[in-house]
Amino acid sequence: MEYNFKEIESNWQKYWATNKTFAAKDGGDKPKYYVLDMFPYPSGAGLHVGHPLGYIASDIVARYKRHKGFNVLHPMGYDSFGLPAEQYAIQTGQHPKITTEQNIARYREQLDKIGFSFDWDREVRTSNPEYYKWTQWIFIQIFNSWYNKNSNKAENISTLIAEFEANGNTKVNAVCDEDVQSFTAAQWNAFSEKEHSDILMAYRMAYLGVAYVNWCPQLGTVLANDEIKDGVSERGGYPVERKLMKQWSMRITAYAQRLLDGLDTLDWTESLKEAQRNWIGKSEGTSLRFKVIRHPELVSGSQEMLNQVQHDIEVFTTRPDTVFGVSFITLAPEHELVDLLTTPDNKAAVEAYVTQAKNRSERERQADINKITGVFTGSYVEHPFTGKQVPIWVGDYVLAGYGTGAVMAVPAHDSRDYSFAKHFGLPILEVVAGGDLEKESYDAKEGKLINSDFLNGLDVKDAMKKAIAEIEKQGLGKGKVNFRLRDAVFGRQRYWGEPIPVYYKNDIPYALNENELPLVLPEVDKYLPTEDGEPPLARAAASWKHEGKYDYEHSTMPGWAGSSWYFLRYMDAANGNEFASKKLSDYWQQVDLYIGGSEHATGHLLYVRFWTKFLKDLGYIAIDEPAKKLINQGMIQGLSAFVHRIHHSVNYSLPDGGRKVMPLPSVHVSKKHYDEFKLNGDYKTCSFYKEYQNIISHRIEELKIEEKTEQFNDENFSISKYNVDVNIVDNDVLDITKYVASKQFNDYKHFIYENEKYVCTREVEKMSKSKYNVVTPDDIAEKFGSDTLRLYEMFLGPLEQSKPWNTNGITGVHGFLKKLWKLFYGTGTFAISNDEPTKGELKTLHKTIKKITEDIERFSFNTSISNFMICVNELTDAKCNKRAILEPLLICLSPYAPHIAEELWKQLGHTESISTAAFPDFNEAFLIDDNVNYPVSFNGKVKFTLELAATLTTQEVEAIVRANEQTAKYLDGKEPKKVIVVHKKIVNMVV
RNA sequence: GCCCCGGUGGUGGAAUUGGUAGACACGCAGGACUUAAAAUCCUGUGUCUUCGCGGACGUACGGGUUCAAGUCCCGUCUGGGGUACCA
């Protein structure tokens, strides 16, 4: 019987689904293991061959762990809210729910074909009200929380209110807005409800606040920093501008330090942890206040202005050691003191500058990042140590949102300050020796301090300590830590997302009660903003109001809301009373292995860690990191194929004196000819010229007859390349029949071959429809079967590495499966022997068990495929069809190629799925060799090998090698200086 | 600019702890079977040199440590990814 993969695979897929073979048990004696793939967004294009790469790897681990006696949780679901479905809805008017369902159905069909061992009973969809009910519930918990710096935890807001009622806010140590006023208990108790709400808002972990946001007009929504790439939106590539807006945000910054510290406990790749560290961006330094010098013209102003001018300018610096090098202060254009400090002479210039700077979009700002702009305010501060006057400038290289929005500029030791100073001719004061300030600033944190009063002679490190001590002693500021991480904007002005469970009564936002959840996404007539710019939810029917009268919040949650806790829902997917019961989340704990793309480094993977820590703080779960181990699978790029077509026309004279240009028949040339032409440029000297001439000469002869002319000149010759569908290219060779049959290329039927084949050129590009280089898993499964697809995707190379999809080697793995099949069906019918295996056969088997186990444990799937091949090659050579060998081998193979393994397992007489079989134990005894093949080298270069008994001691080995006749040849009569014998490894003689 | 990860035959890649570089697979060449093709099987295949035995070279480049380096150290080049006025 032939290896009929189609029948085998569809049979077993049905069997697994019917018997719920891979349903996880919520408890039991077995240890648990949780393998998770990153949540897919079901896009309209379906899966291409790159998507399943990680799923195959995680499936191998899941199946392997089952064999190893673990209770495995391996679920799958869909992150089904999102922009593409909504954009499509706007264009077509079709409800995003419908598109989403269609896309999910297509995904499911494709996933099922690959034979994954998912527990589909636990499937979740973020757009499902039973799911987003709990996303909303978590939002409410976050809304009802504040961050207590004393306990270093999020706590219920009631503990904060109790504190306010007892002591006001003077003793509270909380993460909150910068500008909270202090109040006493008496004041608090006298405040109105609105005032209470406003004050609490400054402390809530989910809060409504005014902030600069990234506004994307084309998408009609705000975006988070991680949703913007190169100044344009990640989805769609539209421009983004800065806009001051009232927005729901999450106080993720409260967790900055814990998010940073937690990384050290995680088994994630270093590059991913680095990316998060950079994104969190911790920097240690000090705050420092500069006293503003009263400018006579400003002093004569109003009393109010006078009071405000007495404000100090506070800066944040990581280089307090360079304080004597300060030669000016720069404020961000948005800095609140800019107006007040600007003298009348400078008013016009400053106002113009500030307006222009504020209106610049993110993209413009990035485009002329090297353009230095700024303006002088006319005011000065006093240097805290020297008492000298230091001018105050405004410059947009200073960011309003970071630190205090003001910097002390030390041009000698900061490259940005340096450029600014050079451009505007400001002084550059050297305070750390070692640089050449004519050329550039000296930013390195090493060297001795000079020109710095009490810091002179100190190293940078010591100077920093001393400077901070002095600043603190004089009350000018204090040591401080700053993070680059910003609070996460949580509202989106879009339709297709979770409604934020909040309503407004008398302009005060209230969270819904838990028993009012879910707040179901209402129907709307159009998926666009309203005429006055309100989000689409404002289009909902007039009855969509809380208690029939109060407006609900009109913005929806961002894409990352639903994916920030989905790993918990899988633990208890059907629970209608809780997001997940404590009992089950205690049982499943955290994800043991998480596989997904590195593009989520600073988005999803940061948010999910944030929510996990939050839920832990409130005692809902026991763990504070979502995933212990994480692997980033590499991207699979497309490998485009090109054909090369000659464009050739001749320009000739007609007998009547006129001229005419006539194109010649278009001819395809194979890769070799194209390369040759590219190299020498003159087609007439190329090797294909003769053949080409044969093709076109007919046409030229015809022209001669038609037009009665012989004068051809001004030839125009070029070769261009065209994308050709990669699915009709096999090992770079074009299937001419299919190519000619394809509509697009119908007209060009002339080919110049090489070795009777048409060879395409190839290039690595992104996989996309327009480049004709998309390969779907369906195509491969159809042609070779899913087991081949699974093996081949793994065989391609290390999981983490990015690589182009190239089917050149796929026949190799397919051949391997056929060869395996032949071990059982060597004679044409199923034949298996119950004989005792030989020593050699046992060695082959146990070598394989050992390698496969090691390979899976270190996620090196490509090498395990090679090891299987070696094993089957050896067993084929030994003509081995013994049950004692083949049965354990099938179990080893079943995580990789489950369908064929199940089928042969059944043929062997088993009635239960192979997935229930225990992984074979490896026995060292079968691997011990009697002999060792010692390579003998001279000066490190191997010259010959000697097969010696393994029991020999190093001394004995040395004696034998010395006595060997070949050794004498290489020693040439000399005594070796030294002989190194590494037991069972190598012999090296130094001559 | 800064940070991270790479660079090994014609190709994908292997070499897990410093111990025979190139496993396995593709491709290519030759052969067997076949009327023929497909499929299958066998042999060879890093480069240079030699009729052959053999010899020399060889893991981006230049140095170093070591009996021994793809592997460790220093410097350079180069590809990919992340990030960017974050004070």
Side-chain angles (χ1 to χ4, degrees), chain A residues 2 229-230 269-279 281-283 285 315-319 322 330 332 365-366 369-370 372 395-399 401-410 413-417 419-420 443 482-486 598-599 601-602 632 634-635 731-733 755 762 792 795-798 800-804 806-813 815-816 818-819 822 851 854-855 857-858 860 862-871 873 876 933-945 976-982 984-991:
Chain A
E2 285 277 297
K229 292 265 133 71
D230 304 321
T269 58
E270 203 43 49
S271 62
L272 196 135
K273 292 202 264 189
E274 253 330 279
Q276 291 213 345
R277 283 190 195 108
N278 292 337
W279 192 262
K282 180 179 182 175
S283 55
V315 302
F316 172 72
T317 179
T318 54
R319 294 295 301 274
T322 62
T330 315
R365 228 169 47 82
Q366 293 212 351
I369 204 154
N370 294 318
I372 295 151
D396 69 354
Y397 78 96
V398 177
L399 301 177
Y402 184 76
T404 60
V407 303
M408 60 174 225
V410 184
H413 306 290
D414 181 288
S415 55
R416 295 151 305 185
D417 297 340
S419 321
F420 197 84
D443 295 13
N482 249 324
F483 292 96
R484 207 179 73 113
L485 184 72
R486 290 301 127 76
S598 56
E599 67 273 20
T602 51
N632 289 127
M635 236 202 308
N731 277 330
D732 303 346
V733 176
N755 302 327
R762 319 272 335 223
Y792 188 58
F795 188 61
L796 227 41
E800 303 91 329
Q801 225 166 304
S802 284
K803 53 232 154 191
N806 185 337
T807 48
N808 283 358
I810 201 163
T811 52
V813 284
F816 156 74
K818 285 204 245 180
K819 222 166 156 178
K822 263 195 167 170
K851 294 229 163 166
E854 286 168 358
D855 285 344
E857 300 281 354
R858 68 192 169 104
S860 171
N862 55 326
T863 50
S864 31
I865 313 288
S866 303
N867 285 318
F868 281 124
M869 287 173 170
I870 293 168
C871 176
N873 287 346
T876 302
N933 202 15
Y934 277 99
V936 181
S937 54
F938 295 82
N939 292 332
K941 284 178 184 160
V942 177
K943 294 297 176 186
F944 60 92
T945 59
K977 275 193 212 147
K978 198 173 172 186
V979 179
I980 291 113
V981 180
V982 182
K984 290 188 181 179
K985 280 262 163 72
I986 197 166
V987 179
N988 190 16
M989 293 201 165
V990 187
V991 190

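Labels below follow one simple rule: chain letters A, B, ... track the order of the sequence lines, proteins then strands, and each chain is numbered from 1. Keep in mind that what you see is a predicted model, and the values were worked out from it rather than measured. Computation of the quantities below employed the complete heavy-atom set of this structure, encompassing side-chain atoms and omitting hydrogens, waters and symmetry-equivalent molecules.
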Engineer: Can you check the distance between G64(B) and G70(B), where both ends of the measurement are the P atom (answer in whole Å)?
Structural biologist: 15 Å

Engineer: Taking only side-chain nitrogens and oxygens of Lys978(A), does any of them come within less than 4.0 Å of OP1 or OP2 of C67(B)?
Structural biologist: yes

Engineer: Phosphate oxygens OP1/OP2 of U40(B): is one of them under 4.0 Å from a side-chain N or O of Lys818(A)?
Structural biologist: yes

Engineer: Closest-nucleotide mapping onto RNA chain B: is Val813(A) or Thr404(A) further toward the 5' terminus? I mean the 5' end.
Structural biologist: Val813(A)

Engineer: Which nucleotide sits closest to the side chain of Val398(A): G13(B), A87(B), G27(B)?
Structural biologist: A87(B)

Engineer: According to a strict under-4.0 Å criterion, is Gln801(A) in side-chain N/O contact with OP1 or OP2 of G13(B)?
Structural biologist: yes

Engineer: According to side-chain hydrogen bond (donor to acceptor under 3.5 Å, both in side chains), who are the partners of Arg484(A), at least two apart in sequence or on a separate chain?
Structural biologist: none

Engineer: In terms of the angle between their ring planes, are Phe816(A) and Phe868(A) parallel, tilted or perpendicular, with boundaries placed at 30° and 60°?
Structural biologist: tilted

Engineer: When you check the glycosidic angle of G80(B), does it come out syn, meaning within 90° of 0, or anti?
Structural biologist: anti

Engineer: With a 4.0 Å cut-off on heavy atoms, is Ser866(A) in touch with a base, just the backbone sugar-phosphate, or nothing at all?
Structural biologist: base

Engineer: Who pairs with Glu274(A) by salt bridge (charged side-chain N to carboxylate O under 4.0 Å, His left out), at least two apart in sequence or on another chain?
Structural biologist: Arg277(A)

Engineer: According to a strict under-4.0 Å criterion, is Asn808(A) in side-chain N/O contact with OP1 or OP2 of A25(B)?
Structural biologist: no

Engineer: Could you please name the option among A87(B), C67(B), A25(B) that lies closest to any side-chain atom of Thr318(A)?
Structural biologist: A87(B)

Engineer: Once Watson-Crick and G-U wobble pairs under 3.5 Å are found, how is RNA chain B written in dot-bracket notation, 5' to 3', with | for any base paired to another strand?
Structural biologist: (((((((..(((......[....)))((((((.......))))))((((....))))..(((((..]....))))))))))))....

Engineer: Students often get this wrong, so: under 4.0 angstrom with heavy atoms, is Arg858(A) touching a base, only sugar-phosphate, or nothing?
Structural biologist: base

Engineer: Is any side-chain nitrogen or oxygen of Tyr402(A) closer than 4.0 Å to OP1 or OP2 of A87(B)?
Structural biologist: yes

Engineer: Below the 4.0 Å mark, does A56(B) have OP1 or OP2 next to a side-chain nitrogen or oxygen of Lys943(A)?
Structural biologist: yes

Engineer: For A87(B) and Ser283(A) - does any side-chain N or O of the residue sit under 4.0 Å from the phosphate oxygens OP1/OP2?
Structural biologist: yes

Engineer: Could you tell me whether Glu270(A) atom CD has more than 12 heavy atoms of other residues or ligands within 6.0 Å of it?
Structural biologist: yes

Engineer: Using the C1' atom in both, what is the distance from A14(B) to A21(B), to the nearest Å?
Structural biologist: 10 Å

Engineer: For Asn873(A) and A23(B), is the shortest distance between a side-chain N/O and OP1 or OP2 below 4.0 Å?
Structural biologist: no

Engineer: Do any N or O atoms from the side chain of Tyr934(A) and from the backbone of Lys984(A) form a donor-acceptor pair under 3.5 angstrom?
Structural biologist: yes

Engineer: Taking the C1' atom in each of G13(B) and C51(B), what is the distance between them to the nearest angstrom?
Structural biologist: 36 Å

Engineer: For Lys273(A), which contact category applies under a 4.0 Å heavy-atom criterion: base, sugar-phosphate, or nothing?
Structural biologist: nothing

